[in-house]
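Structure, as structure tokens:
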Amino acid sequence: METAQPDDGSGGGPRLGVRGWARFLWRQLTSMRTAIVLLLLLAVAAIPGSLIPQRSADPNGVIAVREENPELVWLYDALSLHDVYSSPWFSAIYILLFTSLVGCVIPRLAHHWRAMRARPPRTPARLSRLVGFQTVAGDACDLDRVDRVLRRRGYRTTRYGESISAERGYLRETGNLLFHISMLGLLLVIGLGSGFGYDGQRLLVEGRGFANTLSSYDSFNRGQWFDDAALKPFAVALDDLEVVYETENPNAVGAPLDFTARVTVTEDGAQRQAQIKVNHPLRVADADLYLISNGYAPRISVRDASGQVVYDEYTPFLAQDNLYTSLGVMKLPDGLEQQVGLRGFFYPTGVQLETGAYASAYPDLAFPVLSLQAFTGDLGLDAGIPRSVYALDTDAMTQIAGGDSGVDALTLTPGQSAEIPGGLGTITFEDVRRYGVIEVHVDHTQTAVFWIIVVLVLSLLASLLIPRRRMWVKATPGGLEIAGLARGEDPTLERAVGDLAERIRHEADGRGQEPMADAPARESTIDA
Amino acid sequence: MTVAELDSFSLLLVYSAMAVYTLAFVAFAADIARRSAARPVPVEARELVGAGGPAERPRHETAAPAAVRHRAARVGYALTVIGWVLQLGATVLRGVAAGRVPWANMYEFALTGIAVIVGVFVMSRLWRDLTFLGVFITGIATLFLGVATVNVYVPVVPLAPALQTPWLVIHVFVATLAAGFFALGSGLSLLQLLKERRDGGFLRSLPTAAQMEDLAYRVGVIGFIFWTFTLIAGAIWAESAWGRYWGWDTKEVWTFVIWVIYAGYIHARATRGWRGSRSAWLQLIGFGAIIFNYTVVNLYFTGLHAYSGLTTAT
């Protein structure tokens, strides 16, 4: 797409016919003007995805926006505004763009292939109209010497009678074509290759582990062609999650400085210790393991009125802010006389405000406090509707502790117990551990994408920085005429012609025996 | 010296740099006023100048008397250099205070970004005389430094774990470098458009619109190459930090948008009907998107690149 193609051949007769129209449309699509318009359309079309939450990048944002604007949900769905980058209209733009690219590149490939094998073109009759035209002293006998100078400067030369025709910078077009082909390759590799991978998330409380099987993931996204049998057998246990906090800088006390998840990996029957840190994923089999979030999981036990343990689990609470004020939910459908739901906050360092409410003052475990509201009634688990484990639907429940119930919320520190109002039983805050969310990511495109990117960058540099130009030197009775012709952007052409003339003059002055070390072999368009 | 002392000294240097940039702005403005008052140089005189040697470009020597350089412009340039040295000192001190590269939150991006933009302008003198862009560059510098110190200043805090990687050094610095070249390019494109609209006043003393367009393109191409590196380095970093090299995060979207706009610009330069003012507009839109990306996207868009340092301050 470097050179402007003249609109030749479009001025036909009044009737085009089907083939004529097809040819006309193809020509329009593969023209540079269309390509520019499509590029700009692509830029504009990418913007909505940064304004409206996307399912791929911000699923919680999607839910929030849909709840806030129920009257717009139909519009979001009709225009795929939550999946902009896989939407029909976005796809249409880039598919058209790449079709245009292919249509543009193929003829140019053929043309460049021929040009690479052809001699530089015939010397024009009149050089005086070309860039940098000048005459230096010399005659046809000097042409051999000029030829050598040109070759040393990377020109491909040929003779036409008493003149030299030279061309250089074929690499510019090669780079240009390679760049566009790499773009196409990138699209294909990402589009097709990512269909064979998967990613899954699993929350692990310290001391727990999971095996790489479908059922052990909390959430799992598979590529289009991913086969469940391709899951490699390995297991990962989270031994301990260490967090280092800033303690000295008064402006940042409590800011996390480092997260280290120490894990035990079981693979091929062997166990090994390893760690996962932010920016340092762990490679296991064909997968990369990332630590993507973390929090606290208080262990809460519930005994019925007779003292029988009916619930005893580490329950993950989700951090709501940087100080790890964390929200969690427990559901006890069985074991007690009524169904009981508990919902409340965990504060790693709880401080009581003047209002009586608690707040977290520090993200580490200095003075852990648990404050729970209790509800009795129907938890809604029997209706067969899937429910989030992090949300409690209290529509059909009665609050018995906390809020407006008239009874204080159940406030506990580790080791403390409290009565559940109504004589239902007792609840104990046993202890608390950290949890980490591990993401397992398998992407077979990484290596291919990396190498395509390498080619892409090198070819981009070649296509933008290497000047492509023709140079002619013609022996006339008045001396050697020199002139150049730019092919594409070439701001230093005039200077290059001047340099060549200078070189020839210099040699003609009898100083030609000196080694010509000062001639730049490669010229770039930027160092002018 | 303690961290806080180093930082306050750095801030003092920032204020000094702003004052000097303001003076430079005044000097450049005076130069522009002088240029608009000056009578155009007669044609014969210019041709004599152009006949000097092969380094001159007679084809383009139709408007600008490059030899004539007046005191106001020289003073403006000298002040810009002084301001730049002060600001460079401020930026380095900030880095020393923090014990890391000085570009990990919005205030520091502004500090480094402006240092790079002015640096590219100062260094461009070795290549071409672009002092006529002084008003534009020192204007941007004063404005942005002012906004940065007043509205987005944060004290030195340690790096979040996600930022503790050499990619912070590469990715962000190359991005600022790209922004520096885009700033210069868009300044040239802006003048090109002004000149095409009405070639009067001080504009008459500047290089021709065609020359302006050539320069803008060459500067813009370098910016584009750096921007490509930014995009790639960011993708590699994202791969190790977030588990995917591309996820259409808001900042990724805007990096992509800017890249595509500049790709369009480069294509436009090679297409009949798009050369000239249309491509100049594209360069301006591209730089507008850079500014938008730095300001609005950083502050108001939710995403993974939440490193303005403003929301996490406790």
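Sequence lines set the chain letters: A, B, ... in the order given, protein chains first and strands last, and positions in each chain run from 1. Computed over heavy atoms, backbone and side chain alike; hydrogens, waters and symmetry mates excluded.
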- Item | Working for side-chain contact (heavy atoms from CB on, under 4.5 Å), residues A:Asp443 and B:Tyr245 | CA-CA 10 Å; A:Asp443 181 354; B:Tyr245 46 79; 3.4 Å; yes
Between [X] and chain A, which part of the residue has a heavy atom less than 4.5 Å away: side chain, backbone, both or neither?
X	result
B:Trp246	neither
B:Trp167	neither
B:Trp248	both
B:Leu159	backbone
B:Phe224	side chain

- Message: I'd like to know whether A:Val457 forms a side-chain contact (heavy atoms from CB on, under 4.5 Å) with B:Ile225, so could you lay out the CA-CA distance, the side-chain angles of the two residues, the decisive distance to 0.1 Å, and finally the verdict.
- Response: CA-CA 8 Å; A:Val457 169; B:Ile225 290 169; over 6 Å; no
By a 4.5 Å heavy-atom criterion (distance strictly below it), what part of [X] contacts chain B: side chain, backbone, both, or neither?
X	result
A:Gln54	neither
A:Leu460	side chain
A:Val84	neither

- Note on the structure: Max heavy-atom pairs within cutoff under 4.5 Å with chain B, candidates A:Val440, A:Leu257, A:Thr445, goes to A:Leu257
- Note on the structure: Pair count under 4.5 Å, heavy atoms only, with chain B: among A:Val278, A:Asp199, A:Asn279, highest is A:Asn279
- Query: Would B:Val154 and A:Asn251 count as a side-chain contact (heavy atoms from CB on, under 4.5 Å) if you check the C-alpha gap in whole Å, the side-chain angles of each, and the deciding distance to 0.1 Å?
  - Reply: CA-CA 9 Å; B:Val154 286; A:Asn251 297 311; over 6 Å; no
Gap separating the [atom1] atom of [X] from the [atom2] atom of [Y], nearest 0.5 angstrom:
X	Y	atom1	atom2	answer
B:Ile266	A:Leu464	CD1	CG	5.0 Å
B:Ile232	A:Leu456	CD1	CG	6.0 Å
B:Ile236	A:Ile453	CD1	CD1	8.0 Å
A:Met32	B:Trp274	CE	CH2	11.0 Å
B:Thr228	A:Phe179	OG1	CZ	6.5 Å

- Message: Does atom CZ (A:Arg129) have a neighbourhood of more than 12 heavy atoms from anything else shown, all under 6.0 Å?
- Response: no
- Item | salt bridge (charged side-chain N to carboxylate O under 4.0 Å, His left out) contacts touching residues 219-242 of chain B (sequence neighbours left out) | none
Which pair of non-hydrogen atoms, one from [X] and one from [Y], has the smallest distance, and what is that distance?
X	Y	result
B:Ser240	A:Tyr290	O-CE2, 3.6 Å
B:Pro158	A:Ala252	CD-CB, 3.4 Å
B:Val157	A:Asn249	CA-ND2, 3.8 Å
B:Ile261	A:Ala43	CG1-CB, 3.9 Å

- Message: Could you check whether any side-chain heavy atom of B:Tyr262 comes within less than 4.5 Å of a side-chain heavy atom of A:Leu39, counting everything from C-beta outward?
- Response: no
- Query: Is there a side-chain contact between A:Ile47 and B:Val253, using heavy atoms and a 4.5 Å cut-off?
  - Reply: no
- Message: For A:Ile36, is there any backbone N or O sitting under 3.5 Å from a side-chain donor or acceptor partner on B:His267?
- Response: no
- Which residues, numbered in order, of residues 275-295 of chain B come under 4.5 angstrom of chain A by heavy-atom distance? B:Arg275, B:Leu282
- Message: Could you walk me through whether B:Arg218 and A:Thr492 satisfy the side-chain contact (heavy atoms from CB on, under 4.5 Å) test, starting with their C-alpha distance in whole Å, then the side-chain angles of each, then the deciding distance to 0.1 Å, before giving a yes or no?
- Response: CA-CA 11 Å; B:Arg218 294 165 76 181; A:Thr492 56; 4.0 Å; yes
- Query: Which one of B:Ala268, B:Gly243, B:Ala241, B:Gly247 has the most heavy-atom pairs closer than 4.5 Å to chain A?
  - Reply: B:Gly243
